[in-house]
K.L.:
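One structure is given below, represented as structure tokens, and several questions about it will come after.
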Amino acid sequence: FDLLDPTKFVPEEIVPVRIVGKIVLDRNPDNYFEETEQVAFHPGHIVSGIDFSDDPLLQGRLFSYIDTQINRFHSANYLQLPINKPHVPVVNNYRDGFMRYGSTKGRVNYEPNSFNSRGCPFSASYNQGGFVTYPQPVSNTKIRVKSPTFTDFYSQATLFYNSLSQAEKNHLTDSFSFELSNVETLAIRQRMVNNLNNVNFDLATRVANEIGVTPPSAPARAYTTASSPAVSEANTIFSAKYLSVAIILVDGFSNDQLSTITAALTANQVNYDIVASKLGNVVGSNGASVAPNKTLRNTVSVFYDGVVVPNVVANGTNVAGVGSVKYFVAETFKHCKPIGLVGRSVDLLDANGIEVQRSSGGDVVEDLGVVTLRANSGVGGFADAFVRNLARQRFFARQDLSYYGDVSAPKFWFWNWRVRRLFDPKDGPPSKARESNILYNLLF
């Protein structure tokens, strides 16, 4: 591949990353419009010591971004806005124009001129701090065509596919199958599969079988065997730091367990929300109340990296029978995220048809990211085990389970965000009368 081809990624194993500087974000904007909406980025804004490569995309943007910003701000003076102007004074020959800030002194804005004995203003030399283009030596004939190195359309796509874990390959196949299944013209679907065969024979065959076209009979070309391990998320640095967890509480939850779990999350710099059926107070097993900051109506499992449900005392709410909690846990399982269950909340596994190994006593059991503790003691070890699993982030081996597709299959009314706001999920599907009310609200 060509380093200047903007459609290719550069494997770090071939061209290692070089740190050339650091940007420190030390505050949030005070005024979003002034400091964010009015920012005018432009690749031509560089300092001395840096110059431009021959990347065709970059070269095009060097002039097009100026037009873009003039069109956005309706003025060439956008660089004088506080968020865009340099921190040090800049002296140039820019004059007048719509929305000009300040007043420019002097009679001339060009060089050379006869109005000043020294010829000012004039461009600064390199020794005076001015910008000088790098004197790059060039040879051979200059023609307006793409380099032959830009015509390799498939080897990098194959390298990318080779670099993925099996779970990522499955997800990529599912994505192609889903998108192409929406293409109504058979010939176009066939053409796309033929293109995929230039990347990988197995990928093209699997997609073809999903979208009703003829699978390829043989590989279209000799595929590269190269790969880049850095591409796959499976090879990332795993940490629980800064991840988010939902802690679901119902009346009768264990206060001591909540304290132990939140302490472990805080110690590992994990963010968490206390989620309940409604805002207000949730009464714990010792009579003390906790105020949740989220409800099962205004948040969903996709906002979190994992979920924990502490134990509930015998005379408390049967957490496995609360539909919204059951659904929250089922969806978390389907998204292959960590789940932590203590005491009676372990029953949520059976309620959702999740057949992983689980604790039956005082032992903490970890299986496919599901951490369970049936007893009420030993919660410290449970919390540590959950954080350890949280750091792994996803457990895609769940998708290989024979029953994975059958876990608490949600109905349409549960998926629709606006519909979910119109009834209490724990009450189950709405009645015919309520369905009419829901449709009315959706339409009007």
Side-chain angles (χ1 to χ4, degrees), residues 244-265 270 272-278 281-286 288-290 292 294-296 299-301 303-390 395 398 407-408 425-426:
S244 295
V245 170
I247 303 176
I248 299 179
L249 300 183
V250 296
D251 286 333
F253 72 91
S254 170
N255 299 80
D256 293 338
Q257 290 180 8
L258 177 63
S259 299
T260 302
I261 292 168
T262 54
L265 296 178
V270 177
Y272 62 87
D273 283 332
I274 303 297
V275 183
S277 60
K278 60 183 180 180
N281 288 326
V282 184
V283 181
S285 57
N286 64 3
S289 299
V290 172
K294 293 291 182 181
T295 76
L296 291 162
T299 192
V300 287
S301 71
F303 293 166
Y304 301 97
D305 301 293
V307 59
V308 175
V309 186
N311 179 48
V312 181
V313 294
N315 60 348
T317 302
N318 177 18
V319 66
V322 181
S324 50
V325 177
K326 174 184 171 183
Y327 178 78
F328 200 104
V329 171
E331 194 174 54
T332 302
F333 182 84
K334 295 281 289 205
H335 291 159
C336 304
K337 298 176 182 178
I339 299 172
L341 305 172
V342 185
R344 295 175 66 200
S345 67
V346 176
D347 295 337
L348 283 162
L349 297 178
D350 290 331
N352 282 307
I354 300 174
E355 301 174 10
V356 296
Q357 298 181 34
R358 76 282 306 274
S359 172
S360 59
D363 55 329
V364 176
V365 175
E366 307 169 45
D367 187 21
L368 296 177
V370 179
V371 184
T372 55
L373 172 63
R374 177 61 76 172
N376 290 322
S377 58
V379 180
F382 163 85
D384 293 339
F386 177 78
V387 171
R388 185 167 58 250
N389 281 265
L390 181 68
F395 296 82
R398 292 179 192 170
V407 172
S408 191
K426 70 176 183 295

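Heavy-atom basis, side chains included; hydrogens, waters and symmetry copies ignored. If you're wondering where the values come from, they're calculated on a predicted model, not measured in any experiment.
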K.L.:
Atom OG1 of Thr317 and atom CG of Leu249: how far apart are they, to the nearest 0.5 Å?
P.N.:
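Reported value, rounded in 0.5 Å steps: 11.0 Å.
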K.L.:
Mind checking what makes side-chain contact (heavy atoms from CB on, under 4.5 Å) contact with Ser289, not counting sequence neighbours?
P.N.:
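Here the qualifying residues are Asn281, Val283.
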K.L.:
Test Val329 against Ile339 for side-chain contact (heavy atoms from CB on, under 4.5 Å), laying out the working first.
P.N.:
CA-CA 7 Å; Val329 171; Ile339 299 172; 4.1 Å; yes
K.L.:
List the atom of Pro310, the atom of Ile261, and the distance in Å for their closest heavy-atom pair.
P.N.:
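Nearest pair, atom of Pro310 first, then Ile261: CG-CD1, 4.4 Å.
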K.L.:
Under 3.5 Å, side chain of Arg358 to main-chain N/O of Val356, donor-acceptor pair present?
P.N.:
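A pair under 3.5 Å: yes.
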K.L.:
Report the residues that fulfil side-chain contact (heavy atoms from CB on, under 4.5 Å) with Ser360, sequence neighbours left out, ordered by chain and then residue number.
P.N.:
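With sequence neighbours excluded, Ser360 shows a side-chain contact (heavy atoms from CB on, under 4.5 Å) to no residue whatsoever.
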K.L.:
With the side chain counted from C-beta on, respond yes when Val364 and Thr372 share a heavy-atom pair under 4.5 Å apart, and no when they do not.
P.N.:
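Heavy-atom side-chain distance check fails, nothing below 4.5 Å.
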K.L.:
Rounded to the nearest 0.5 Å, what separation is found between the CG atom of Leu258 and the OG1 atom of Thr262?
P.N.:
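The distance works out to 5.0 Å.
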K.L.:
What pairs with Arg398 under salt bridge (charged side-chain N to carboxylate O under 4.0 Å, His left out), at least two apart in sequence or on another chain?
P.N.:
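Arg398 satisfies salt bridge (charged side-chain N to carboxylate O under 4.0 Å, His left out) with no residue once adjacent residues are dropped.
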K.L.:
Can you list, pair by pair, the side-chain donor-acceptor contacts under 3.5 Å of residues 379-387, counting residues two or more places apart and other chains?
P.N.:
none

K.L.:
I'd like to know whether Thr299 forms a side-chain contact (heavy atoms from CB on, under 4.5 Å) with Asp273, so could you lay out the CA-CA distance, the side-chain angles of the two residues, the decisive distance to 0.1 Å, and finally the verdict.
P.N.:
CA-CA 10 Å; Thr299 192; Asp273 283 332; 5.6 Å; no
K.L.:
Look at the side chain of Thr332 and the backbone N and O of Phe328, then say whether any donor-acceptor pair between them is shorter than 3.5 Å.
P.N.:
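Checking the backbone N and O of Phe328 against the side chain of Thr332, a donor-acceptor pair under 3.5 Å is found.
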K.L.:
Under 4.0 Å between a Lys/Arg side-chain N and an Asp/Glu carboxylate O for Glu331 and Lys337?
P.N.:
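Looking at Glu331 and Lys337, the cut-off is not met.
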K.L.:
Could you grab the distance from atom CD1 of Ile248 to atom CD1 of Ile274, nearest 0.5 Å is fine?
P.N.:
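With rounding to 0.5 Å, CD1 (Ile248) is 10.5 Å from CD1 (Ile274).
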K.L.:
Would you check if Lys294 and Tyr304 make a side-chain contact, meaning some heavy-atom pair closer than 4.5 Å?
P.N.:
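Result yes, sub-4.5 Å side-chain heavy-atom pair found.
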K.L.:
Roughly how far apart are Ser345 OG and Gln257 CD, rounded to 0.5 Å?
P.N.:
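Rounded to the nearest 0.5 Å, the OG-CD separation comes to 8.0 Å.
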K.L.:
Evaluate the side-chain contact (heavy atoms from CB on, under 4.5 Å) criterion for residues Asn352 and Phe333: first the C-alpha distance (whole Å), next the side-chain angles of each, then the deciding distance (0.1 Å), finally the verdict.
P.N.:
CA-CA 10 Å; Asn352 282 307; Phe333 182 84; over 6 Å; no
K.L.:
Looking at Ser244 and Tyr272, would you say the former's side chain and the latter's main chain have a donor-acceptor pair under 3.5 Å?
P.N.:
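Such a contact is absent between Ser244 side chain and Tyr272 backbone.
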K.L.:
Taking side-chain contact (heavy atoms from CB on, under 4.5 Å) as the test, write out the residues that go with Asp363, two or more places apart.
P.N.:
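So Asp363 forms a side-chain contact (heavy atoms from CB on, under 4.5 Å) with Ser359, Val365.
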K.L.:
Please confirm whether the backbone N or O of Val245 pairs with a side-chain atom of Asp305, one donor and one acceptor, at under 3.5 Å?
P.N.:
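Answer holds: no.
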K.L.:
Can you tell me how far the CG atom of Leu348 sits from the CD1 atom of Ile354, to the nearest 0.5 Å?
P.N.:
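Interatomic distance, Leu348 CG to Ile354 CD1, rounded to 0.5 Å: 8.5 Å.
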K.L.:
Can you find a pair of side-chain heavy atoms, one from Leu265 and one from Ile247, that are under 4.5 Å apart?
P.N.:
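With C-beta onward as the side chain, the pair touches.
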K.L.:
Enter the distance from Asp367:CG to Gln357:CD here, rounded to the nearest 0.5 Å.
P.N.:
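Answer rounded to 0.5 Å: 4.5 Å.
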K.L.:
List in chain and number order the residues that pass side-chain contact (heavy atoms from CB on, under 4.5 Å) with Asn255, two or more places apart in sequence or in another chain; answer none if no residue qualifies.
P.N.:
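For Asn255, the residues satisfying side-chain contact (heavy atoms from CB on, under 4.5 Å) (neighbours in sequence not counted) are Phe253, Ser285, Asn286, Ala288.
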K.L.:
Of all the heavy-atom pairs spanning Asn389 and Pro338, show the shortest one and how long it is.
P.N.:
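Taking every non-hydrogen atom into account, O-CG, 3.6 Å.
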K.L.:
Working note: Tyr327 + Leu296, criterion side-chain contact (heavy atoms from CB on, under 4.5 Å); need CA distance, chi angles, decisive distance, verdict.
P.N.:
CA-CA 10 Å; Tyr327 178 78; Leu296 291 162; over 6 Å; no
K.L.:
Is Asp350 salt-bridged to Lys326, cutoff N-O under 4.0 Å?
P.N.:
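No salt bridge links Asp350 with Lys326.
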K.L.:
Is a side-chain N or O of Arg344 found less than 3.5 angstrom from the main chain of Asn311, in a donor-acceptor match?
P.N.:
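Side chain of Arg344 to backbone of Asn311, a donor-acceptor pair under 3.5 Å: no, none is there.
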